[in-house]
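Working notes, structure below.
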Amino acid sequence: MGSLLSVESLIMRFGGLVAVDGLSFSVERDEIHGLIGPNGAGKTTTFNVISGFYAPSAGRVVYKGEDISGLKMHVVASKGVVRTFQHSTLFLELSLFENVLVGCHLHHPPSLARAILGGDGAGRRAVRDRAIEILTFFNLAERGDDLAAELPHGMQRALGMAVALASRPDLLMLDEPFTGMNPEETQRMMELVRRIRDTGVTVLLVEHDMQAVMGLCDRITVLNFGRILVEGTPDEIKSNPDVIEAYLGAPHHAA
């Protein structure tokens, strides 16, 4: 065990607005860590800073002992920190198999080019094998030749996670993976997230579905107005009066 990721005194300003205000928390290896809070609490901004979408105004992000603050997204991803987004970023005109091939490019860039262009070689075979392995893991192998656009919503979300996992992350950041899912899809996705963690991938999760958060997370950090409100286990969080007030005190912001 031990901290894989540490956010230290993080500040993110947009003009006069302070979206993240002196935030510090750690994510331990091999856990599912939830980041929750009312809308506007700073969750997605924090995700954007960790993943390299924004450079922080102050503070730092430390991953495996290295300060990765302000590095470009592709550099952060190449180090093993890979994220999904709230909205699908799939190539809808490509097949499921081709989408996952794209996700393999961080570790096999020359092979990806050969795979797309139809070249031969051991590298191309390795990429194709990896893509098939990932599709099988997500129970999508039988639909590998289907276009991503043809998938129902829940399967598209799973495919997005498959593309992210294809790049072999050590830390997978999931941004609202349960959005728009029905209860059956939510249960299937929760099981997938557990299986991903069980393969040795640490998961950092932003999510509004409290049933999913409480059922999945080992530890939860609650944000409010860009600061930590409270941190603890799911049992500690769901009975905390400050958390209840933060959500119920502003009904139009509640999940």
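Keep in mind that what you see is a predicted model, and the values were worked out from it rather than measured.
- Under a hydrophobic clustering in which Ile, Leu, Val, Met, Phe, Trp and Tyr are joined whenever their side-chain heavy atoms come within less than 4.5 Å, directly or via other members, Val61 and Phe53 fall into the same cluster.
- Judged by distance alone, with hydrogens and angles left aside, the side-chain atoms of Lys43 form a donor-acceptor pair with the main-chain N or O of Gly37 at under 3.5 Å.
- Hydrophobic clustering (side-chain heavy atoms under 4.5 Å, transitive across Ile, Leu, Val, Met, Phe, Trp, Tyr) keeps Ile50 apart from Val18.
- Test Asn39, Ile36, Val213 against His208 for side chain to side chain contact (heavy atoms under 4.5 Å, CB included) and you get one pass: Asn39.
- A donor-acceptor contact shorter than 3.5 Å links the side chain of His153 to the backbone of Thr179.
- Heavy-atom contacts from other residues, nucleotides or ligands closer than 6.0 Å to CG of Asp198 number more than 12.
- Ile220 contributes atom CD1, which lies 11.0 Å from atom CG of Asn240 (distance to the nearest 0.5 angstrom).
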(request) Please lay out, stage by stage, how Glu8 and Ser24 fare under the test side chain to side chain donor-acceptor pair (under 3.5 Å). (result) CA-CA 5 Å; Glu8 301 177 358; Ser24 298; over 6 Å; no
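- More than 12 heavy atoms of other residues, nucleotides or ligands lie within 6.0 Å of CZ in Arg143, so this atom counts as buried by the packing criterion.
- Remark: side-chain polar atoms of Ser51 are not paired, donor with acceptor, to backbone N or O of Arg83 under 3.5 angstrom.
- Counting heavy atoms from C-beta on, the side chains of Arg157 and Glu185 never come closer than 4.5 Å.
- Side-chain atoms of Ser167 never come within 3.5 Å of backbone atoms of Val163 as a donor-acceptor pair (strictly under, hydrogens ignored).
- Scanning all heavy atoms of the two residues, the minimum distance from Pro56 to Gly70 falls at CD-N, 3.8 Å.
- Salt bridge Glu191/Arg195: absent, no basic N to carboxylate O contact under 4.0 Å.
- Summarising the geometry, atom CZ belonging to Arg194 is positioned 12.5 Å from atom CE belonging to Met189; distances are rounded to the nearest 0.5 Å.
- Here the closest heavy-atom approach between residue Leu229 and residue Asp242 is recorded as CD2-O, 3.4 Å.
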(message) What verdict does the side chain to side chain contact (heavy atoms under 4.5 Å, CB included) test give for Arg168 and Val82, after you've listed the backbone C-alpha separation in whole Å, the side-chain angles of each residue and the deciding distance to 0.1 Å?
(response) CA-CA 9 Å; Arg168 301 182 186 273; Val82 177; over 6 Å; no
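- Residues satisfying the side chain to side chain contact (heavy atoms under 4.5 Å, CB included) criterion with Glu142, sequence neighbours excluded, are absent altogether.
- With hydrophobic clusters built from ILVMFWY side chains whose heavy atoms lie under 4.5 angstrom apart, Phe137 shares a cluster with Val100.
- Taken from CG in Leu151 to CG in Leu140, the straight-line distance is 7.0 Å, to the nearest 0.5 Å.
- You'll find the side chain of Gln211 reaches within 4.5 Å of the side chain of Gln187, heavy atoms only.
- In this structure, SG on Cys104 lies 10.0 Å from CG on Asp129, to the nearest 0.5 angstrom.
- A donor-acceptor contact closer than 3.5 angstrom links the side chains of Ser69 and Asp67.
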(request) Determine, stepwise, if the pair Phe138 / Met155 fulfils side chain to side chain contact (heavy atoms under 4.5 Å, CB included). (result) CA-CA 9 Å; Phe138 282 88; Met155 285 189 175; over 6 Å; no
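- Distance check: Leu90 CG to Glu98 CD gives 12.5 Å after rounding to the nearest 0.5 Å.
- The heavy-atom pair separating Met210 from Glu207 by the smallest distance is CE-O, 3.5 Å.
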(request) Start with the C-alpha distance between Ile228 and Leu23, add both sets of side-chain angles, then the distance that settles side chain to side chain contact (heavy atoms under 4.5 Å, CB included), and finish with yes or no. (result) CA-CA 6 Å; Ile228 285 190; Leu23 178 62; 3.3 Å; yes
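- Here the shortest heavy-atom pairing between Thr186 and Ala212 reads CG2-CB, 4.4 Å.
- Asp175 and Thr84 make their closest contact through N-OG1, 3.2 Å (heavy atoms, listed as atom of the first residue, atom of the second, distance).
- In Phe225, the CZ atom is not crowded: 12 or fewer heavy atoms of neighbouring residues, nucleotides or ligands sit closer than 6.0 Å.
- No more than 12 heavy-atom neighbours from other residues, nucleotides or ligands sit within 6.0 angstrom of CD on Glu184.
- You'll find the side chain of Leu4 reaches within 4.5 Å of the side chain of Lys64, heavy atoms only.
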(request) Determine, stepwise, if the pair Leu216 / Phe178 fulfils side chain to side chain contact (heavy atoms under 4.5 Å, CB included). (result) CA-CA 12 Å; Leu216 271 177; Phe178 302 98; 3.6 Å; yes
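- For the pair Val193/Leu205, no side-chain contact is recorded, criterion being any heavy-atom separation below 4.5 Å from C-beta on.
- One finds the CZ atom of Arg130 at 12.5 Å from the CD1 atom of Ile132 (value rounded to the nearest 0.5 Å).
- A side-chain hydrogen bond (donor to acceptor under 3.5 Å, both in side chains) check over residues 212-225, counting only residues at least two apart or in different chains, returns the pairs His33-Thr221, Arg197-Asp218, Thr221-Glu231.
- With hydrophobic clusters built from ILVMFWY side chains whose heavy atoms lie under 4.5 angstrom apart, Leu204 shares a cluster with Ile68.
- What you find for Lys79 and Tyr63 is that their closest heavy atoms are O-CE2, 3.2 Å.
- Of the options Thr45, Asp21, Val49, a side chain to side chain contact (heavy atoms under 4.5 Å, CB included) to Leu10 is made by Val49 and by none of the others.
- Phe25 and Ile11 are members of different hydrophobic clusters when ILVMFWY side chains are connected at heavy-atom separations under 4.5 Å.
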